[in-house]
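Right, one structure below, let's go through it.
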Amino acid sequence: MRNPASEPNPGSESSNGGSASELRVFVRKKRGRKTIETQETKYEAEPLDQKLRGPPEIEEFGYKQVNGSFQSSEPPPNWEKVLEGIRKMRSTEDAPVDTMGCEKAGNSLPPKERRFAVLVSSLLSSQTKDNVTHGAIQRLLQNGLLAADTIDKADEATIKGLIYPVGFYTRKAANMKKIANICLMKYDGDIPSSLEELLLLPGIGPKMAHLVMNVGWNNVQGICVDTHVHRICNRLGWVSKSCTKQKTSTPEETREALQLWLPKEEWVPINPLLVGFGQTVCTPLRPNCGMCSVSDFCPSAFREISRSPSKSKRSSLSKKL
DNA sequence: CTCCGGACAA
DNA sequence: TTGTCCGGAG
């Protein structure tokens, strides 16, 4: 039943420190046309046949097929210790994090307006420092341009001016107009309530779509994976492409792999935790393994890979031109 | 100068 | 898979 390749699990005797009867159950639910895969943690062992006799739309599986290859659904050894260690580091460190800067945006607004503010905040916040995003949101709010109907009517240049200097403000201004129009036409000024529909909005990709589901709808459909989560999970050996040890190559692959074993109650907190950790300790370039309290558990610790020199050569060359 | 970063087109 | 968009920080 279990993936045989993942069966050897050295040092797993204490991997579930505490509840000995904990059982992780993977279920595939059908909702209308969609199939949603979720992971549920049971704290009391339950006969499997009882589960199988449940609603016919729920089926159990111990492994999942992704891109034609089997991925392990076994949690990596010591993941709880690692997570706890990172939490401790984060409680003393101070990172500029604040990934949920968008949740502040208009949390005094009525639900529909608040959700729209969350969507716009998410759009603006990508590749943008939080205080810059916040300023842009404030200016939009002051000008009454934080709702679908008003943005739809507003001039794109006006929006562009208000959101400056948010990163990629030109494209984002255009996307805001399109999004506002779509929300007005199709959703009565509200935002889409499903992941699939959010992904259809221009400028909204997987990372922001999950963020909006989490914060806007309080509906956790998946883990919000950004480059920090992607990088750190790979360094820790928490995710892999198949039963091989290959790193995942995209944040989406990381999300799929991580969701196979990470308990759902960690799906939301993992993002701010790892983002902060990634900004202070586990940085993309020259990670500070010396001050990392979980380096003993990290297969990548003290193994910095130097940047390819070709890039800097090319840069200094282009400087001459 | 170099680095950082989601979405998306090529 | 790579480059592009766009600023700001270091």
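All chains are named by letter (A, B, ...) in the order of the sequence lines, taking the proteins before the strands, and each is independently numbered beginning at 1. Only a predicted model underlies this, so the values are computations on that prediction, with no experimental measurement involved.
The interatomic distance linking A:I232 (CD1) with B:dG5 (P) rounds to 10 Å, in whole Å. Remark: P of B:dC4 and NE2 of A:H230 are 14 Å apart, rounded to the nearest angstrom. Going from atom CG of A:L119 over to atom P of B:dA7 covers 12 Å, rounded to whole Å. Here B:dC3 presents its P atom at 14 Å from CZ of A:R231, a figure rounded to the nearest Å. Summarising the geometry, the separation between CG on A:N131 and C1' on C:dA9 is reported as 11 Å, rounded to the nearest angstrom. In this entry the distance linking CZ of A:R286 with C1' of B:dC4 reads 14 Å, nearest Å. If you take NZ of A:K207 and P of B:dG5, they are 10 Å apart, rounded to a whole angstrom. Atom-to-atom, CG of A:L124 to P of C:dG8 comes out at 15 Å; the value is rounded to the nearest Å.
The structure places CG of A:L211 at 10.5 Å from CG of A:L198, a figure rounded to the nearest 0.5 Å. Annotation: the span from A:W79 atom CH2 to A:I86 atom CD1 amounts to 11.5 Å, rounded to 0.5 Å. Distance check: A:K241 NZ to A:T248 OG1 gives 8.0 Å after rounding to the nearest 0.5 Å.
Between A:T227 and B:dG6 there is a side-chain N or O to OP1 or OP2 distance below 4.0 Å. Residue A:H228 has no polar side-chain atom (N or O) positioned under 4.0 Å from OP1 or OP2 of B:dC4. At C:dC6, one or more side-chain N or O atoms of A:T170 fall inside 4.0 Å of OP1 or OP2 (strictly under the cut-off).
Across A:A180 and A:A148, no two heavy atoms sit closer than the pair CB-O, 3.5 Å.
Closest to the side chain of A:R171, out of B:dG5, B:dA7, B:dC3, is B:dA7.
In this structure, A:P206 reaches the sugar-phosphate backbone alone: every heavy-atom distance under 4.0 Å involves primed, P, OP1 or OP2 atoms, never a base.
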